[in-house]
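Fair warning: this is a prediction, and the values are worked out from it, not measured in the lab. Values below: every heavy atom of this structure, side chains too, minus hydrogens, waters and symmetry copies. One is the number of the first residue; the rest follow in order along the sequence.
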Amino acid sequence: MAGHGKEAHPHGADRLCEAGDRVYSRAVRRGRVSREDAETVPCLVELALLHPDPDDMGWLVPTSPQEVMTRLLREMHEQVVATQSRMGSAVSAFEWYAALGGNAHSRAEGVAIRVLDGLPRIRAAMDEATEACSSEVLAVQPGGIRREDELSEGLHRAMALRRRGVRMRDLYTHVARHGQGLLNYMELMGDSAEARTLDEVTERLIVFDRTVAFIPASSDRTIALELRHPALVDYLVTVFERLWRLAIPLTAPLPDTGIEGITHRERSIAALLAEGHQDAVVAERLGISVRTCRAHIARLSETLGAASRTQLGVRIAQAGLDGPPRDPELQPLTSPGPGLPESPTGR
């Protein structure tokens with residue numbers, strides 16, 4: 001098989017070469033392929049798309065398209081924080097794998113993951129899911145202060161859900177507390193909606209009735225994935241519920257840092273700086289502008305008496321700001337008393 005190494009097939013499972021496409025498709029249709037037919041495409045074995053038939057070593061059997069799709073999604077989930085661009089380059093591969101299969105079971109599984117390319121298709125799918133929803137919507141809304149156009153775009157869905165008695169729970173960053181539009185929106189929703197906030201949240205996520213979820217598939221959010229696979233949806237719901245337990249109700253004040261002159265946001269900034277993140281990354285993760293972030297850093301430096309960024313790092317560590325706040329139940333920073341906010345865990 002000389003001349004057919006990785007140099008001849010510089011690709012992954014998300015973009016097969018022409019020969020690999022042809023041989024793998026044949027293997028899926030027939031259930032196996034001979035080793036002779038696969039000699040020109042060692043990439044399929046290297047990528048674990050073909051493996052030896054234990055009953056006859058002269059043949060290779062394919063990994064199911066559904067297993068390949070799941071593997072691709074898992075790999076992208078692990079890389080999504082570092083780079084979301086790969087998601088955009090792989091979405092076409094999901095459609096290709098989903099279309100494969102020689103029986104009704106394979107075709108039924110294909111609808112578990114649907115690629116929505118373009119805002120019109122995304123909105124249409126969201127409207128369809130809203131109409132079918134009967135009990136609950138979970139949503140993660142990253143970024144900072146919600147713009148009026150963002151709130152208005154989804155208002156008709158929220159009002160339709162409220163009329164049917166659907167419960168809505170939303171997670172935002174702490175910065176969203178400062179937007180009057182969000183406060184007006186929550187007042188309009190009344191008891192139908194509940195919101196909590198965190199320093200940071202995940203990328204955008206919306207789950208209807210714990211059966212269908214929507215996540216972005218490109219950095220500009222013009223491509224989305226509609227997920228109906230029970231295992232994937234259950235995983236996303238678990239992530240949401242764990243974040244929800246850690247979050248602080250929108251109606252409750254943020255906890256005091258226990259250090260005079262240091263706000264909750266500045267403590268969050270200090271912890272991210274201690275991890276080595278640049279100003280732009282810190283600002284993006286907290287949902288604020290870089291200019292606002294640097295203003296907080298300047299105030300943090302002044303409060304801690306740091307004359308340089310290097311010295312600021314030392315001061316942050318000395319003040320204990322380089323990690324998450326201590327558990328107030330185990331190491332109280334202030335004496336308990338009336339008027340203190342409830343614990344985010346509800347205990």
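- Other residues, nucleotides and ligands contribute over 12 non-hydrogen atoms within 6.0 Å of the CD atom of Gln311.
- In this structure, the side-chain contact (heavy atoms from CB on, under 4.5 Å) partners of Glu67, at least two apart in sequence or on a different chain, are Thr63, Ser64.
- The closest side-chain heavy-atom distance from Val68 to Tyr24 is below 4.5 Å.
- Side-chain contact between Leu49 and Leu16: present, with at least one pair of heavy atoms (C-beta onward) separated by less than 4.5 Å.
- Legend: residues meeting ring-ring contact (aromatic ring centres under 6.0 Å, His included) with His296, ordered by chain and number and at least two apart, are absent.
- In this view, Arg309 and Leu273, Asp279, Ile297, Leu312 satisfy the side-chain contact (heavy atoms from CB on, under 4.5 Å) rule, not counting sequence neighbours.
- The salt bridge (charged side-chain N to carboxylate O under 4.0 Å, His left out) test applied to Asp37 returns Arg26, not counting sequence neighbours.
- Counting only heavy atoms from C-beta outward, the side chains of Thr130 and His156 never approach each other to under 4.5 Å.
- Contact of the Leu232 side chain with the Ile113 side chain is registered, since non-hydrogen atoms from C-beta on lie closer than 4.5 Å.
- The local environment of CD in Glu128 is sparse, with at most 12 non-hydrogen atoms from other residues, nucleotides or ligands closer than 6.0 Å.
- Annotation: side-chain contact (heavy atoms from CB on, under 4.5 Å) contacts of Ser134 (sequence neighbours excluded): Asp209.
- Partners of Val137 under the side-chain contact (heavy atoms from CB on, under 4.5 Å) rule, at least two apart in sequence or in another chain, are Cys133, Leu161, Val166, Met168, Ile206, Phe208.
- Not one N or O on the side chain of Arg114 forms a donor-acceptor pair closer than 3.5 Å with the backbone of Arg228.
- Heavy-atom minimum distance, Ala158 versus Tyr185: CB-OH, 3.3 Å.
- For CG of Asp220, the number of neighbouring non-hydrogen atoms (other residues, nucleotides, ligands) closer than 6.0 Å is greater than 12.
- A salt bridge does not link Glu226 to Arg121: none of the charged side-chain nitrogens sits closer than 4.0 Å to a carboxylate oxygen.
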Between Glu275 and Leu272, is a side-chain contact (heavy atoms from CB on, under 4.5 Å) present by the stated rule, with each step listed?
CA-CA 5 Å; Glu275 293 177 8; Leu272 291 172; 3.9 Å; yes
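- Heavy atoms from other residues, nucleotides or ligands lying under 6.0 Å from CD of Glu302 number 12 at most.
- By the 4.5 Å heavy-atom criterion applied to side chains, Leu183 and Leu250 are counted as neighbours.
- Remark: the Ser25 side chain and the Asp21 side chain contain an N/O donor-acceptor pair separated by less than 3.5 Å.
- Side chains of Arg177 and Ile248 form a contact here, defined as non-hydrogen atoms less than 4.5 Å apart.
- Between Phe214 and Leu116, the closest side-chain pair of non-hydrogen atoms falls below 4.5 Å.
- For the pair Val33 and Leu44, the minimum side-chain heavy-atom distance is 4.5 Å or more.
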